[in-house]
Amino acid sequence: MGRPLANDWSKYLDPLFKRDSFQRLEEFLQYQKDKKISIFPPEAQIFKAFELSSFAKTQVVILGQDPYHNEAQAHGLSFSVPDGVKIPPSLANIYKELELDLHITPNASGNLERWASQGVLLLNSALTVEKNSPASHSKTPWVDFTEAVITELSEYKQNLVFLLWGAHAQQKSELIDDSKHLILTASHPSPFSAYKGFFGCKHFSKTNEYLKIHHLQQINW
């Protein structure tokens, strides 16, 4: 499996790559590859979130569950799709809330690389998924890996904003030191739950207000 990194994440991720759990993960993914099972995103994009948002630059973490499981959607960033791909319902609702909150007209593209390049870590709990099989890798050692990432961010950074949407993401709050960081929670932006508290949460303006208070660069959403 291809790994990063040409930035400072290597200091934090290299020890995780040496864990027994990560070795088991690589064996699992190699087994699926040998069985000709389609896995998303493409291997070269699995760690894209870390490549676009260095550890030092990371200011915001948006946690998703797992990559999109349909052809050509997943490209290594939670909630994001490549240019030219139809915007998925959850992302469409994220754009709606952004318009409600900050009056930003929804982007025609679902590619969130512009957020990642500003220090928004778009992290999924599992970084791979089997084609047409949502949550198929959600109980693999990816969980150990990404929970360790969240723990390291909490421990070694100051004044991060964690956006935890939905019950799955909110379970990770126990890994975060809320005396050092801001945790914002709401229902998931999926069409099944967006009206239960996601719409109107104002997380985008609250994020920027917090960053401003701490003299950090605000995000151009």
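Along the sequence shown, residues carry numbers from 1.
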Do [X] and [Y] have side-chain atoms, one donor and one acceptor, less than 3.5 Å apart?
X: Asp83; Y: Ser109; answer: yes
X: His168; Y: Ser125; answer: yes
X: Ser53; Y: Thr58; answer: yes
X: Tyr95; Y: Asn107; answer: no
X: Asp144; Y: Ser21; answer: yes
X: Asp66; Y: Ser138; answer: no
X: Gln30; Y: Asp34; answer: yes
X: Gln59; Y: His214; answer: no
X: Thr128; Y: His137; answer: yes

Quiz item: How far apart are the C-alpha atoms of Tyr12 and Tyr156, what are their side-chain angles, what is the distance that settles it, and do they pass the ring pair (Phe, Tyr, Trp, His ring centres under 6.0 Å) test?
Solution: CA-CA 10 Å; Tyr12 301 93; Tyr156 297 112; 5.8 Å; yes
Contact check, side chains of [X] and [Y], non-hydrogen atoms, under 4.5 Å:
X: Asn93; Y: Trp165; result: no
X: His181; Y: Lys157; result: yes
X: Phe50; Y: Phe55; result: no

Backbone N/O of [Y] and side chain of [X]: donor-acceptor pair under 3.5 Å:
X: Thr151; Y: Glu147; result: yes
X: Gln65; Y: Asn124; result: no
X: Thr207; Y: His203; result: yes
X: Ser193; Y: His188; result: yes
X: Lys206; Y: Cys201; result: yes
X: Lys57; Y: Leu52; result: no
X: Glu71; Y: Asn132; result: no
X: Ser136; Y: Glu130; result: yes
X: Asn111; Y: Ser80; result: no

Quiz item: When you look at NZ of Lys180, are more than 12 heavy atoms from neighbouring residues, nucleotides or ligands closer to it than 6.0 Å?
Solution: yes
Quiz item: Taking everything shown except Gln217 itself, do over 12 heavy atoms lie less than 6.0 Å from its CD?
Solution: no
